[in-house]
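Some notes on the structure that comes next.
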Number of protein chains: 2
Amino acid sequence: MWRYEALLPIDRPEGVSRAAGGTPLVRSPGLDEVAGARVFVKDEGESPTGAYKDRGSAVAVPHTIATGDDVVGTVSYGNMAISTAAHATSLDRECVVFVPADIPAGRLEHIARYEPTVVQVDGDYGELYGDALDLSERLPIDVLVSDAPTRISGYKTALFEICESFAPETPDVIALPASSGGFASGVWLGIRDLERAGLIDESPRLCLVQTAASDPLTRAFEAGATDPTPLSPDETGETIAHSIGNPNPPSGARALAAVRDTDGAVVSVTDDEIRTATRQFAVDGGFCVEPSSATTLAGVSRLADRGEIDADESVVLVPTGTGFKESGAGGTDVSTEKVRRDDLADRLASMLPA
Amino acid sequence: MWRYEALLPIDRPEGVSRAAGGTPLVRSPGLDEVAGARVFVKDEGESPTGAYKDRGSAVAVPHTIATGDDVVGTVSYGNMAISTAAHATSLDRECVVFVPADIPAGRLEHIARYEPTVVQVDGDYGELYGDALDLSERLPIDVLVSDAPTRISGYKTALFEICESFAPETPDVIALPASSGGFASGVWLGIRDLERAGLIDESPRLCLVQTAASDPLTRAFEAGATDPTPLSPDETGETIAHSIGNPNPPSGARALAAVRDTDGAVVSVTDDEIRTATRQFAVDGGFCVEPSSATTLAGVSRLADRGEIDADESVVLVPTGTGFKESGAGGTDVSTEKVRRDDLADRLASMLPA
């Protein structure tokens, strides 16, 4: 991503922050039939901590350090926490991660690997976004929330890379999972940079996909609203797509504007569709993605069914995180058979085509 | 890696095989003190299935298909199995994975995600390497073992990328984990290609690191032998570095020749050293690596202590696989504190520098 250093607010850092970005974009014909379009995959799971969040942390963490705050913080118990902690520790800075009191053990372990100070907050975790901004004002800590401007400026490099891979063409559609709206905001910033520079004529349509368990952006998009209405606890549910599902997305208004500006769409998908799409990513594409990333395939398939994407259009799916951090969520059926070593040749011969 | 298409035995494929390689090489000063040298990290964990094995599968699997075998197989219950299954399924080919009868459930789940035919073999798993070659001769299946020539040709692209990143300099040392010797063979092939082309004057010294629990290459290197002696079960032990530790490495002779030809070394490290190095990779470098990859840091540290690597020499550590596939192995200590949301500001103020 440091190929675009001139368009970022800091100089190229050393260490793990230098390793962020530069993920591959590949044509993936095995997914065409499911998606109903010509599929390209921009695999953000191939990042230092396995998620696109590294693009944001690689800019935001060194920026915080350069501008004088001693301590970096974040409000997350998922990929953003892992990424922020990794980037801070590699630059020898203290990191405070605010997680909910009931964080699952497996997720805590991924975060703890980088040895940040982990604070389990007893109370309404949703309110911590506001608390964090307040604490950053009052104390020598910079809590990098999901829509920190430096974080979002890092995300635009994903768009630059996609467009550079396609040049001189541009893809018809880019499909992203959406939660806080931060990634969509960054991608939109990138589109506008390229438009202003005269490097693209027509913008790709931005399609955002949410989990039906918590989809304030989809509701606002369908209602024609410019701002999402925060969802109350009884309007949200459990979902396997736990990396997304923010009921009160701080960058929601910008995400909605990005979609409308690019003639895109916002769509929700169910956990059943997400399970199926996670499996299809693996079995038809060879990609191990987390459930929240599989939403992109399910969402594009819905939009194609509705006639909003044509079969000959190029669609870039952006799986934002690897599936290797979690087990079980993909609904994998494990069926094996036991064979004695001496019987292997016979058994294999009966299995294989003649 | 397809930048080097002209030096590979197949044309650039589509799908996940196109996404292999192209991993970042970054200067990682946080690791210098531990390593005792100037550290660069070539993070092979940033691969489609999280391991360098994808470079081999990306060449070997399409090559098998192009040359007529209907079914792809592999003998592995780790990264090679995951990678081979992913590449085969993305090209719509059947894959048979031979695993031991007592495979741990977590590893089976990672493999099963790509829905290969999983055969649990009851019998001496170590003998399956020979069985696989025999079955590949007799049946319409191509079992891609660790030293399949097409797999090894893919590995040389890691060396090309490292040397291109350093050009016009060359790194002093490249440190790899070693098990079957396949990766070292591939890297050596790459060195010889560049030497023949006149692109490098002096080869980097290849340093291979083994787990002390199973280190036939270290023993052979220290004994001055050209071939490793297979270790019997009572000469090997349990290790957290389960991706390495082949007691009878098929590419062992080539790996030893590569080390001697480049004036390198082979060294073994204990599980305690591996645990410490896994933590250092994360906390000092920001990289989440699997224990078998952390051996590179522990091994280089040993060689520096012995005076075989100087503090001002450039050393490329190649973590071959991500640590995100496993939990618990890194010996992470998880310590957190619970704070009521209302007390957060006070607690934080007492924690932070004045």
Side-chain angles (χ1 to χ4, degrees), chain A residues 14-16 18-19 22 24 26-30 43 46-50 70-71 86-87 89-90 92 101 106 108-109 112-115 118-124 131 135 139-141 282-283 285-288 322 324-325 327 330 332 334 336-341 344-345 348-349 352-353, chain B residues 14-16 18-19 22 24 26-30 43 46-50 70-71 86-87 89-90 92 101 106 108-109 112-115 118-124 131 135 139-141 282-283 285-288 322 324-325 327 330 332 334 336-341 344-345 348-349 352-353:
Chain A
E14 286 191 325
V16 75
R18 177 84 67 103
V26 298
R27 174 81 178 98
S28 189
D43 185 14
E46 299 183 46
S47 298
T49 74
D70 289 313
V71 176
H87 287 260
T89 197
S90 81
D92 207 19
L108 185 57
E109 190 179 338
R113 184 187 300 266
Y114 305 99
E115 300 185 7
V118 177
V119 177
Q120 291 184 276
V121 182
D122 211 355
D124 185 348
D131 294 352
L135 294 169
L139 296 169
I141 184 172
V283 175
F287 291 98
C288 172
T322 176
F324 285 119
K325 285 180 199 161
S327 295
T332 306
V334 181
T336 69
E337 66 169 314
K338 280 204 190 183
V339 177
R340 287 182 47 237
R341 190 180 145 227
L344 204 54
L348 202 55
L352 294 172
Chain B
E14 285 190 327
V16 76
R18 175 84 68 103
V26 298
R27 174 80 178 99
S28 190
D43 186 14
E46 298 183 46
S47 298
T49 73
D70 288 314
V71 176
H87 287 260
T89 195
S90 81
D92 207 19
L108 185 57
E109 190 179 339
R113 186 186 300 266
Y114 305 99
E115 301 185 6
V118 177
V119 177
Q120 290 183 276
V121 182
D122 212 354
D124 184 348
D131 294 352
L135 294 169
L139 296 169
I141 184 172
V283 175
F287 292 98
C288 172
T322 177
F324 285 120
K325 283 179 199 161
S327 295
T332 305
V334 182
T336 69
E337 65 170 316
K338 279 204 191 183
V339 177
R340 286 181 49 237
R341 192 184 142 225
L344 204 54
L348 203 55
L352 295 171

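Heavy atoms only: backbone and side chains are in, while hydrogens, waters and symmetry mates are out. Letters A, B, ... mirror the listed sequences (proteins, then strands); counts begin at 1.
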Subject >> Residue A:V71 versus chain B: region with a heavy atom under 4.5 Å >> reply: side chain

**OP:** For A:F287 and B:A19, work out which heavy atoms get closest and say how close.
**Re:** CE2-CB, 4.5 Å

Original post:
Do you know the tightest heavy-atom contact between A:A282 and B:Y114?
Top reply: O-CD2, 3.6 Å

Output the option from [options] having the highest count of non-hydrogen pairs under 4.5 Å with chain A.
options                      : value
B:D124, B:I141, B:V118       : B:V118
B:G30, B:G123, B:S28, B:P24  : B:P24
B:A349, B:P48, B:A101        : B:P48
B:R27, B:R341, B:K338        : B:R341
B:G286, B:G15, B:S90, B:G285 : B:G286

Original post:
Among A:C288, A:A345, A:G50, which has the most heavy-atom pairs under 4.5 Å with chain B?
Top reply: A:C288

Original post:
Can you say whether B:D92 sits under 4.5 Å from chain A via the side chain, the backbone, both, or neither, judging by heavy atoms?
Top reply: neither

**OP:** Not counting sequence neighbours, which residues clear side-chain hydrogen bond (donor to acceptor under 3.5 Å, both in side chains) with A:T49? List them please.
**Re:** A:D54

**OP:** Only counting residues at least two apart or in another chain, list the ones meeting salt bridge (charged side-chain N to carboxylate O under 4.0 Å, His left out) with A:R340.
**Re:** A:D342, A:D343

Original post:
Can you check whether A:D43 reaches A:V26 side chain to side chain, under 4.5 Å on heavy atoms?
Top reply: no

Subject >> pair A:V119-B:L344: side-chain heavy atoms closer than 4.5 Å >> reply: yes

